[in-house]
Student: 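One structure follows; several queries about it will come next.
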Number of protein chains: 2
Amino acid sequence: MTKQRKVILEELHKVTSHPTADMVYEMVRKRLPHISLGTVYRNLEDLADQGEIRKLSIDGTRMRFDGNPEEHTHIRCIVCGRVDDIHFAPTVSMQDSISDNGYKILGHKLEFYGKCSECRKKDEIMKAKEKKRKSKD
Amino acid sequence: MTKQRKVILEELHKVTSHPTADMVYEMVRKRLPHISLGTVYRNLEDLADQGEIRKLSIDGTRMRFDGNPEEHTHIRCIVCGRVDDIHFAPTVSMQDSISDNGYKILGHKLEFYGKCSECRKKDEIMKAKEKKRKSKD
DNA sequence: GTAATTGCAAAAATTTTGCCTCATA
DNA sequence: TATGAGGCAAAATTTTTGCAATTAC
């Protein structure tokens with residue numbers, strides 16, 4: 001456990017925002033200005049392998065990282081892309097069987113998507129403006 | 001609807017293997033040898049926007065594409081990475097409400113993971129070899 | 001004929017890797 | 001001191017984009 005790895009893990013525990021590797025790099029750089037991006041990638045990979053953190057493939061083309069390694073459910077905003085944890089836990093059954101595809105099922109990932117409160121607010125502001133504009137015509 | 005887009009869609013309908021953009025490119029190239037990768041990317045993007053296909057962020061760092069736009073559940077092999085459709089349908093409720101995070105929920109993605117039959121077979125072969133090796137000691 | 005789309009190539013974005021140096025146990 | 005990890009930079013991988021030429025309607 002090097003200084004670098006310790007700080008990466010600490011910073012990841014501070015947030016619930018599921019940052020990308022680059023975001024983690026920026027967070028960590030405030031405390032360790034000489035750390036390199038390669039080190040961040042290597043440690044995130046190692047930490048995920050050891051089950052200390054989780055790698056999330058939910059945001060298009062880049063990985064996000066979650067300081068909470070326990071199984072939990074996410075919710076992603078389809079407008080701005082932010083990913084939050086969800087605090088009610090819908091249960092999904094049928095996990096410890098072998099499926100019709102011949103798979104031995106080991107677990108599942110559940111992700112909801114929708115619009116976050118900020119993006120919904122923006123929508124309403126847009127709608128209000130639209131209405132105003134129309135009433136002027 | 002250009003020839004290129006038509007062929008891309010057709011090829012995607014032929015398979016259930018959830019190919020990457022590059023795989024789609026290779027599939028399409030057999031029929032349209034001069035198509036460019038950029039065109040494949042642009043069309044996959046457009047088709048997904050129109051709801052004709054689905055973009056899947058389940059395989060690490062690159063997108064996969066699904067010719068079946070309907071909501072359905074996937075299963076991914078943690079060993080070889082292949083992604084199949086799942087034919088039993090676990091239901092997940094609580095979609096048309098607003099969650100504790102202030103999100104307006106619009107839908108969900110459910111993905112199981114486990115070991116595919118091929119990788120389980122390989123495991124067993126490995127185990128058998130291991131046993132044989134030990135008995136020799 | 002006009003607007004949209006393609007092919008090509010360059011650029012951008014993200015992740016991985018090699019290699020030498022430095023830190024840790 | 002030896003082993004493993006870090007820093008840096010180059011390379012690899014994946015995706016996006018600009019632009020001239022072509023195609024679809």
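Atoms considered below: every heavy atom in the structure, side chains included; atoms not considered: hydrogens, waters and symmetry mates.
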Student: Starting the side chain at C-beta, find the nucleotide from D:dA5, D:dT15, C:dG7 nearest to A:Thr2.
Tutor: D:dA5
Student: Salt bridge or not for B:Glu71 and B:Lys109, using N-O below 4.0 Å?
Tutor: no
Student: Measure from CG on B:Leu32 to P on C:dT5 and round the result to the nearest Å.
Tutor: 17 Å
Student: Would one find more than 12 heavy atoms of other residues, nucleotides or ligands at under 6.0 Å from atom CD of B:Glu118?
Tutor: no
Student: So if I take residues 10-27 of chain B and measure heavy-atom distances to DNA chain C, which residues fall below 4.0 Å?
Tutor: none
Student: Would you please confirm or rule out a distance under 4.0 Å between OP1 or OP2 of D:dG7 and any side-chain N or O of A:Gln4?
Tutor: yes
Student: Examine the base of D:dG4 for any acceptor or donor lying under 3.5 Å from a partner atom in the side chain of A:Arg42, and report the outcome as yes or no.
Tutor: no
Student: With the threshold set at 4.0 Å, does a side-chain nitrogen-carboxylate oxygen contact exist between A:Glu70 and A:Arg54?
Tutor: no
Student: Indicate whether OP1 or OP2 belonging to D:dG7 is found under 4.0 Å from a side-chain N or O atom of A:Thr39.
Tutor: yes
Student: Do B:Tyr41 and B:Leu44 have side-chain heavy atoms sitting under 4.5 Å apart?
Tutor: no
Student: Given salt bridge (Lys or Arg N to Asp or Glu O under 4.0 Å), test A:Lys14 with A:Glu11 step by step and report yes or no.
Tutor: CA-CA 5 Å; A:Lys14 277 189 194 165; A:Glu11 290 300 313; 2.8 Å; yes
Student: Would you kindly give the CZ-to-C1' distance between B:Arg64 and D:dT15, to the nearest whole Å?
Tutor: 16 Å
Student: In whole angstrom, give the distance that lies between atom CZ of A:Arg29 and atom P of D:dG7.
Tutor: 12 Å
Student: Under a 4.0 Å N-O cut-off, is there an ion pair linking A:Asp46 with A:Arg5?
Tutor: yes
Student: Can you find a side chain N or O atom of A:Tyr41 that sits less than 4.0 Å from OP1 or OP2 on C:dT16?
Tutor: no
Student: When you get a sec, tell me which of D:dT14, D:dC8, C:dT15 is the closest nucleotide to the side chain of A:Leu37?
Tutor: C:dT15
Student: Expressed as a whole number of angstroms, how long is the span from A:Asn43:CG to C:dT16:C1'?
Tutor: 14 Å
Student: Between D:dA24, D:dT16, C:dG7, which one does the side chain of B:Lys3 approach most closely?
Tutor: D:dA24
Student: Find which nucleotide of DNA chain D each of B:Thr61 and B:Gly38 is nearest to by heavy atoms, and output the residue with the more 5' nucleotide.
Tutor: B:Thr61
Student: Let me know the distance between CG of B:Asp59 and C1' of C:dT14, rounded to the nearest Å.
Tutor: 15 Å
Student: Looking only at the side chain of A:Ile35 (C-beta and beyond, no hydrogens), which of the listed nucleotides D:dG7, D:dA5, D:dT14 gets closest?
Tutor: D:dG7
Student: Is the closest basic N to carboxylate O distance between B:Arg29 and B:Glu26 below 4.0 Å?
Tutor: yes
Student: May I have the distance from B:Arg62 (atom CZ) to D:dT16 (atom P), rounded to whole angstrom?
Tutor: 14 Å
Student: Using whole Å, what does the distance between atom P of nucleotide D:dT14 and atom NZ of B:Lys55 come to?
Tutor: 15 Å
Student: In whole angstroms, how far is the C1' atom of D:dT13 from the CE atom of B:Met63?
Tutor: 15 Å
